[in-house]
Visitor: 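Sharing a structure, written as structure tokens. Questions coming.
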Number of protein chains: 2
Amino acid sequence: MAVTGIKEVARRAGVSLGTVSNVLNRPDSVAPATRKRVLDAIDELGYVRNDSARHLRAGSSRTVAIVVLDVSNPFFTDVVQGAEAVVEAAGGMLVVCNSGQDPAREGRHLATLEEQRVRGLLITPVENGRHERLERLVDRGIPVVLVDRGSGQLNRCSVAVDDVLGGRLAATHLAELGHRHIAFVGGPVAIPQVADRHAGAAAALAEHGGGVDLEVFETKSLSVTAGRQAAEDICALPHSRRPTAIFCANDLLALGVLQGLTIGGLRVPEDMALVGYDDIEFAAAAAVPLTSVRQPREQLGRTAAQLLLEEADTDAAHGHRHVVFQPQLVVRQSTATAGPRRRGR
Amino acid sequence: MAVTGIKEVARRAGVSLGTVSNVLNRPDSVAPATRKRVLDAIDELGYVRNDSARHLRAGSSRTVAIVVLDVSNPFFTDVVQGAEAVVEAAGGMLVVCNSGQDPAREGRHLATLEEQRVRGLLITPVENGRHERLERLVDRGIPVVLVDRGSGQLNRCSVAVDDVLGGRLAATHLAELGHRHIAFVGGPVAIPQVADRHAGAAAALAEHGGGVDLEVFETKSLSVTAGRQAAEDICALPHSRRPTAIFCANDLLALGVLQGLTIGGLRVPEDMALVGYDDIEFAAAAAVPLTSVRQPREQLGRTAAQLLLEEADTDAAHGHRHVVFQPQLVVRQSTATAGPRRRGR
DNA sequence: ACCACGGGGTGAAACGTTTCACAAGCTGGT
DNA sequence: ACCAGCTTGTGAAACGTTTCACCCCGTGGT
């Protein structure tokens with residue numbers, strides 16, 4: 001009921017402002033009897049701290065933000081859960097912002113978060129390279145940890161999975177199955193993960209020798225719909241120019257591709273092998289269980305949050321660390337063939 | 001660079017505090033020349049508003065929160081996206097909190113949000129019935145909109161989908177296919193959605209006549225893992241006591257059940273028909289595309305956010321509204337049989 | 001010449017905390 | 001008796017905005 005604050009409480013308990021504040025923040029420094037009176041008053045009045053005032057005075061807030069590329073991608077929700085666990089255990093609050101792979105939206109979120117003087121920031125930036133806005137946050141003293149991204153120009157802590165290696169694993173697997181014409185479905189290529197996974201695949205195939213061809217089909221986004229679209233394009237190709245295997249930058253894409261291929265009358269893995277990336281929970285439950293490159297999603301989030309809190313707690317300079325996890329290939333039915341049936345030559 | 005605020009800007013631009021504030025909040029009331037000087041100063045100093053101070057003074061904040069049962073459930077991420085669109089269009093910020101179906105965690109979130117004096121709250125409460133904490137927020141004047149829940153005791157706006165009807169649709173569909181022993185997999189039953197969907201199914205079967213049996217298998221949560229577990233239990237049943245169809249409270253559960261049945265050697269739909277709920281994007285991409293009850297997820301979020309903002313903008317009393325959407329049965333392969341093969345009688 | 005008016009600007013108060021230097025009252029050692 | 005040292009509590013300043021009453025001055029009407 002009472003819209004007022006500490007003052008009212010103080011009056012009611014017959015103590016001074018400072019004492020109430022002490023009860024709230026350093027309960028042990030207050031005599032038990034007084035403490036009880038104050039707590040009772042708080043209860044009766046239904047008093048609730050005003051965070052704005054507290055942080056205005058204290059300078060820093062206790063919320064940590066995470067800005068992800070796509071909230072509806074299970075990969076990110078798992079990362080979020082990992083981070084959440086750590087932040088909450090430390091008594092903080094994690095707010096989730098969704099950039100939706102849109103730089104403008106990312107910018108707006110960062111602006112708001114900057115105004116909010118968040119305690120720290122976990123982010124998977126939409127674009128690589130210098131990031132003016134992000135650097136401003138850093139200059140302002142807000143710890144930033146890059147998630148699923150090498151630290152790039154920005155000298156920050158980072159947590160990532162080796163995407164180049166992931167690409168290698170996928171491509172090597174397909175090459176070893178005998179595929180000679182492989183499609184890479186992913187995009188926009190400006191997204192570093194996409195670029196790295198492609199680069200890894202390309203490098204592995206080059207080393208593998210035997211002139212394996214990697215053809216890129218760029219998509220507008222990393223979504224199921226985009227995958228379905230790409231599959232339709234591939235189905236429309238004349239048989240002789242059609243790849244025999246597809247490596248998707250993402251499980252969402254792979255799931256879409258799977259649907260598209262089915263619509264187009266191509267069977268997986270008989271007519272087309274398929275490899276995804278992320279190994280989200282739904283990959284194993286897909287129409288054809290998906291071979292995929294697994295990333296330690298939750299651990300990524302947990303580690304990122306830990307690094308962040310560590311940096312935030314360290315008053316002095318802090319050595320930035322880069323943690324890189326190794327991805328792992330999980331083979332399932334979508335690549336369960338001896339290889340492509342040779343044709344046309 | 002400058003850690004300071006408006007004061008510094010004022011000095012640099014050679015104006016008073018009030019003028020800077022006016023430039024920020026009512027630009028038109030300031031002469032163009034002065035305005036430019038101020039804006040330049042802001043730029044040079046890299047000044048960024050301090051939200052805490054602003055809201056301390058102004059009383060209310062511009063962030064809206066949504067508390068969901070499970071961030072990693074695609075149903076909720078879609079709801080979130082809908083709400084996000086509306087809130088951002090109105091210049092606000094949406095923070096996502098995850099209760100993980102844990103009342104304690106929900107409580108902690110609400111406490112924090114109350115301290116933060118959020119502008120409004122979208123919530124799917126973990127439990128039904130009186131909700132003391134929520135009522136406090138309401139008393140405090142914070143608009144609350146219930147998502148995917150009837151308004152219960154609380155006289156609030158609400159947005160929901162008719163879960164009883166959804167349960168009916170699913171059960172009727174199965175009964176019409178000739179199933180006489182149907183399992184309901186879902187839980188905890190304390191969750192209203194679960195209860196309603198079950199109630200709807202039970203009611204429909206009672207009306208349908210013909211002594212259709214609905215057996216409940218309660219799960220600990222609405223997750224893929226819980227579903228897998230339940231399926232194992234069902235597989236372990238002697239053939240004669242085993243249901244011929246399963247209705248899951250949730251697609252996640254259904255996906256898990258599908259996996260569990262496969263492991264247990266039962267085929268869908270030949271040996272067991274399966275119906276899910278939510279029609280998440282992955283339902284159509286499942287090993288056996290899932291028959292499911294579709295809900296207008298994004299629209300749910302959008303509408304909820306609109307009601308909330310409307311209430312927040314209305315100073316005076318505001319008539320609470322309850323919007324109820326109709327679910328829709330989407331039939332796919334997981335129920336694509338003429339009915340159960342008769343056995344043992 | 002005078003007044004009313006309005007655009008443009010000022011400066012201090014207020015928002016609700018936390019912090020900090022300090023005071024008051026005890027305890028126990030000398 | 002006296003002082004040192006501790007525990008408990010006090011009150012005012014400060015945090016960075018926004019708001020509000022008010023002032024200054026040029027303009028146009030009389």
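Protein chains get the first letters and strands the later ones, always in sequence-line order, with residue 1 at the start of each.
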Visitor: Measure from the side-chain heavy atoms of A:V30 and tell me the nearest of C:dT17, D:dG9, D:dG16.
Guide: D:dG9
Visitor: Provide the closest heavy-atom pair for B:R12 versus B:A41 in the form atom of the first, atom of the second, distance.
Guide: CG-CB, 3.7 Å
Visitor: Test of understanding: with side chain to side chain contact (heavy atoms under 4.5 Å, CB included), list the residues that count as partners of B:A58, not counting sequence neighbours.
Guide: none
Visitor: Report which part of the nucleic acid B:S52 touches: base, sugar-phosphate, or nothing (heavy-atom distance under 4.0 Å, all strands).
Guide: nothing
Visitor: With sequence neighbours excluded, tell me which residues meet salt bridge (Lys or Arg N to Asp or Glu O under 4.0 Å) with A:R321.
Guide: A:E310
Visitor: Under the salt bridge (Lys or Arg N to Asp or Glu O under 4.0 Å) rule, collect the residues that match up with A:R37, sequence neighbours excluded.
Guide: none
Visitor: Got a salt bridge between A:R49 and B:E114, using NZ or NE/NH1/NH2 to carboxylate O under 4.0 Å?
Guide: no
Visitor: Using atom CD of B:E8 as one end and atom P of D:dT17 as the other, report the distance to the nearest whole Å.
Guide: 11 Å
Visitor: Which sits closer to the 5' end of DNA chain C, A:R54 or B:D28, going by the nucleotide each is nearest to?
Guide: B:D28
Visitor: Can you check the B:L56 CG to C:dA13 C1' distance for me, whole Å?
Guide: 13 Å
Visitor: Could you work out, with side chain to side chain contact (heavy atoms under 4.5 Å, CB included) as the rule, every residue matching B:Q306, not counting sequence neighbours?
Guide: B:V86
Visitor: Using side chain to side chain contact (heavy atoms under 4.5 Å, CB included) as the criterion, list what pairs up with B:A104, not counting sequence neighbours.
Guide: B:D102, B:R108
Visitor: Please confirm whether the shortest side-chain N or O distance from B:R26 to OP1 or OP2 of D:dT19 is below 4.0 Å.
Guide: yes
Visitor: Starting at CZ of A:R117 and ending at P of D:dC15, how long is that distance when rounded to a whole Å?
Guide: 14 Å
Visitor: For A:A58, answer base if it contacts any base atom (sugar-phosphate contacts may also be present), sugar-phosphate if it contacts only those atoms, and nothing otherwise; contact means non-hydrogen atoms under 4.0 Å.
Guide: nothing
Visitor: Hey, does the side chain of B:N25 come within less than 4.0 Å of D:dT18's phosphate (OP1/OP2), counting only N and O?
Guide: yes
Visitor: Which whole-number value in Å describes the distance from A:R37 CZ to D:dT8 P?
Guide: 14 Å
Visitor: Is there a side-chain polar atom (N or O) of B:R57 under 4.0 Å from OP1 or OP2 of C:dA14?
Guide: no
Visitor: Could you go through nucleotides 10-12 of chain C and list every protein N or O atom that sits under 3.5 Å from one of its N or O atoms, giving the distance for each pair?
Guide:
| unit_1 | atom_1 | unit_2 | atom_2 | d |
| --- | --- | --- | --- | --- |
| C:dT10 | OP2 | B:S16 | N | 2.9 |
| C:dT10 | OP2 | B:S16 | OG | 3.1 |
| C:dT10 | OP2 | B:T19 | OG1 | 2.6 |

Visitor: Would you mind reading off the distance between A:Q116 atom CD and D:dC15 atom P, rounded to a whole angstrom?
Guide: 22 Å
Visitor: Take the C1' atoms of the five end pairs on each side of the helix from C:dA1-D:dT30 to C:dT30-D:dA1, get both axes, and report the angle to 10 degrees.
Guide: 50°
Visitor: Quickly work out the B:L24 CG to C:dG9 P distance and round it to whole Å.
Guide: 15 Å
Visitor: Between A:N50 and B:R35, name the one whose nearest nucleotide on DNA chain C is closer to the 5' end.
Guide: B:R35
Visitor: Answer yes or no: does a side-chain N or O of B:R49 lie under 4.0 Å from OP1 or OP2 of D:dT18?
Guide: yes
Visitor: Enumerate the salt bridge (Lys or Arg N to Asp or Glu O under 4.0 Å) contacts for residues 70-81 of chain B, please, sequence neighbours excluded, ordered by first and then second residue.
Guide: B:D78-B:R297
Visitor: Are B:S21 and D:dT19 close enough that a side-chain N or O sits under 4.0 Å from OP1 or OP2?
Guide: no
Visitor: Residues in side chain to side chain contact (heavy atoms under 4.5 Å, CB included) with B:R11, at least two apart?
Guide: B:E8
